[in-house]
Chemist: 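This is the structure I want to talk about, given as structure tokens.
Atom set for the values below is all heavy atoms of this structure, side chains included, hydrogens, waters and symmetry mates excluded. Chain identifiers are assigned alphabetically (A, B, ...) following the order of the sequence lines, protein sequences preceding nucleic acid strands; residue numbering begins at 1 within each chain.
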There are 2 protein chains.
Amino acid sequence: MGKQITEMLKGTLEGIVLAIVASQPAYGYEITARLREQGFADIAEGTIYALLVRIEQRGFVDVQKVPSEKGPPRKVYSLNAQGRDYLDEFWRTWSFLADRLEQLHDEGTPS
Amino acid sequence: MGKQITEMLKGTLEGIVLAIVASQPAYGYEITARLREQGFADIAEGTIYALLVRIEQRGFVDVQKVPSEKGPPRKVYSLNAQGRDYLDEFWRTWSFLADRLEQLHDEGTPS
DNA sequence: ACTGGTAGATAGTAACGCTAAATAGCGAGA
DNA sequence: TCTCGCTATTTAGCGTTACTATCTACCAGT
């Protein structure tokens with residue numbers, strides 16, 4: 001996968017991170033690690049930190065500073081009510097797009 | 001749907017248009033109309049034309065000018081071999097992303 | 001002192017879709 | 001004739017996003 005995934009992630013990475021935080025509060029470094037586990041090997045940490053700043057400024061997450069034993073303090077993000085609403089909307093938008101794409105794909109490769 | 005769809009379309013709209021052209025050669029105005037039929041009501045024509053210029057410059061489509069009865073000549077785009085390769089790659093990338101998203105969604109809303 | 005793992009911040013860049021406006025050809029109605 | 005509307009394409013400028021690269025900071029082990 002080349003640059004296609006980079007462009008596709010625009011708009012979806014935000015939802016992905018919100019979904020991760022929704023399942024359980026987490027801090028940036030941890031989120032990056034989880035993404036790598038899930039197959040997103042090439043996502044840079046800087047990308048995640050910038051995204052977290054963004055969703056914090058938009059008011060989708062609450063932040064709590066927690067000291068770490070092994071480095072600087074962690075910023076633990078948890079999804080709030082507004083974030084949940086936004087995530088719901090994200091899933092609706094995603095479903096819309098996925099349905100259309102599936103239809104297109106099926107038309108292109110008929111069984 | 002607000003701006004989420006706009007961001008999500010980045011990277012996918014290109015594949016969508018390539019898939020449309022793959023199923024049958026088409027010109028810009030026609031592609032815009034088909035998109036509207038398929039539910040993408042808000043996609044501006046300017047977006048499509050710019051995208052077509054891009055995929056032409058990248059060599060994914062062949063172009064043929066065809067006179068129209070009702071206006072300026074049409075530029076009919078058809079997918080070439082290179083475009084087909086790129087479209088295949090697009091579907092692989094899309095499937096990767098869709099699989100991960102589906103997994104995340106299922107985790108978030110367990111039955 | 002140095003390396004490596006943990007943890008976060010940020011400036012600059014490229015790509016993409018959107019907005020808005022312009023140009024152009026043609027037919028129908030006032 | 002003039003204008004409106006539909007067809008058809010082009011383009012400049014804008015906002016958002018992910019990536020690259022680099023920096024700071026803390027601690028443990030060698």
Chemist: In whole angstroms, how far is the P atom of dC16(C) from the CG atom of Leu18(B)?
Modeler: 12 Å
Chemist: Could you state the atom-to-atom distance from CD1 of Ile55(B) to P of dA15(C) in whole Å?
Modeler: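 To the nearest whole Å, that distance equals 17 Å.
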Chemist: Considering every strand and a 4.0 Å limit on heavy-atom distances, what is the contact class for Glu30(A): base, sugar-phosphate, or nothing?
Modeler: nothing
Chemist: DNA chain C: Val53(A) or Glu7(B), which has the more 5' nearest nucleotide?
Modeler: Val53(A)
Chemist: May I ask you to verify whether the side chain of Lys10(A) and the base of dA15(C) hold a donor-acceptor pair under 3.5 Å?
Modeler: yes
Chemist: Could you state the atom-to-atom distance from CE of Met8(B) to C1' of dT17(D) in whole Å?
Modeler: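 Going from CE in Met8(B) over to C1' in dT17(D) covers 13 Å.
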Chemist: According to a strict under-4.0 Å criterion, is Arg58(B) in side-chain N/O contact with OP1 or OP2 of dC16(C)?
Modeler: yes
Chemist: Mind checking Leu13(A) for me? I need base, sugar-phosphate or nothing, with any heavy atom below 4.0 Å counting as a touch.
Modeler: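 The residue Leu13(A) makes sugar-phosphate contact but no base contact.
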Chemist: Phosphate oxygens OP1/OP2 of dT9(D): is one of them under 4.0 Å from a side-chain N or O of Tyr27(B)?
Modeler: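 The answer is no; no side-chain N or O of Tyr27(B) sits under 4.0 Å from OP1 or OP2.
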Chemist: Is the shortest side-chain N/O distance from Lys70(B) to OP1 or OP2 of dG5(D) below 4.0 Å?
Modeler: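 Looking at the OP1 and OP2 atoms of dG5(D), neither is under 4.0 Å from any side-chain N or O of Lys70(B).
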Chemist: Under 4.0 Å between any heavy atoms, over every strand shown, what does Gly46(B) touch: base, sugar-phosphate, or nothing? Just pick one.
Modeler: base
Chemist: To the nearest Å, give me how far apart CD (Glu45(B)) and P (dA24(C)) are.
Modeler: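 Atom CD in Glu45(B) sits about 18 Å away from atom P in dA24(C).
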Chemist: Considering only dG17(C), dA8(D), dC19(D), which nucleotide approaches the side chain of Thr6(B) most closely?
Modeler: dG17(C)
Chemist: Rounded to whole Å, how long is the line connecting atom NZ of Lys75(B) with atom P of dT9(D)?
Modeler: 8 Å
Chemist: Hey, is the main chain of Gly59(B) close enough, under 3.5 Å, to the side chain of Asn80(B) for a donor-acceptor pair?
Modeler: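 Indeed, once roles are kept as given, a pair shorter than 3.5 Å links the two residues.
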Chemist: Distance check needed: dA18(D) C1' versus Leu97(B) CG, whole Å only.
Modeler: 14 Å
Chemist: Quick check: closest heavy atoms across Val61(B) and Val21(B), and the distance to 0.1 Å?
Modeler: CG1-CG1, 4.4 Å
Chemist: Is any side-chain N of the basic residue among Glu30(B) and Lys75(B) closer than 4.0 Å to the acidic one's carboxylate O?
Modeler: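 No salt bridge links Glu30(B) with Lys75(B).
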Chemist: Looking at side-chain heavy atoms only, is the closest gap between Gln38(B) and Leu104(A) below 4.5 Å?
Modeler: yes
Chemist: Find which nucleotide of DNA chain D each of Ser68(A) and Gly11(A) is nearest to by heavy atoms, and output the residue with the more 5' nucleotide.
Modeler: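 Its nearest nucleotide being more 5', the pick is Gly11(A).
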Chemist: Does a salt bridge link Arg34(B) with Glu37(B), judged by any charged N lying under 4.0 Å from a carboxylate O?
Modeler: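 Glu37(B) and Arg34(B): not salt-bridged.
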Chemist: Between Tyr49(A) and dA9(C), does any side-chain N or O lie under 4.0 Å from OP1 or OP2?
Modeler: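 False: Tyr49(A) side-chain N/O out of range (4.0 Å or more) of dA9(C) OP1/OP2.
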Chemist: Name the residue closer to the 5' end of DNA chain D, choosing between Pro72(A) and Ala50(A) according to the nucleotide with the nearest heavy atom.
Modeler: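 Looking at the nearest nucleotide for each, Ala50(A) comes out on the 5' side.
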Chemist: Could you check how far CG of Leu9(A) sits from P of dC19(D), rounded to whole Å?
Modeler: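 After rounding, the reported distance stands at 6 Å.
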Chemist: Check whether any side-chain nitrogen or oxygen of Arg54(B) sits under 4.0 Å from OP1 or OP2 of dC16(C), and answer yes or no.
Modeler: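 Answer yes for this pair, as a side-chain N or O of Arg54(B) is under 4.0 Å from OP1 or OP2.
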Chemist: Choosing from dG17(C), dG8(C), dT7(D), which nucleotide comes nearest the side chain of Tyr29(B)?
Modeler: dT7(D)
Chemist: So Thr47(B), base contact, sugar-phosphate only, or nothing? Heavy-atom distance under 4.0 Å.
Modeler: base
Chemist: So, OP1 or OP2 of dC26(D): does either fall under 4.0 Å of a side-chain N or O from Arg74(A)?
Modeler: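 Result: no.
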Chemist: Do side-chain atoms of Thr32(B) reach the backbone of Gly28(B) as a donor and acceptor pair under 3.5 angstrom?
Modeler: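 The answer is yes, because a donor-acceptor pair under 3.5 Å joins these two groups.
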Chemist: Taking CG from Leu51(B) and C1' from dT19(C), how many angstroms apart are they, rounded to a whole number?
Modeler: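 Going from CG in Leu51(B) over to C1' in dT19(C) covers 16 Å.
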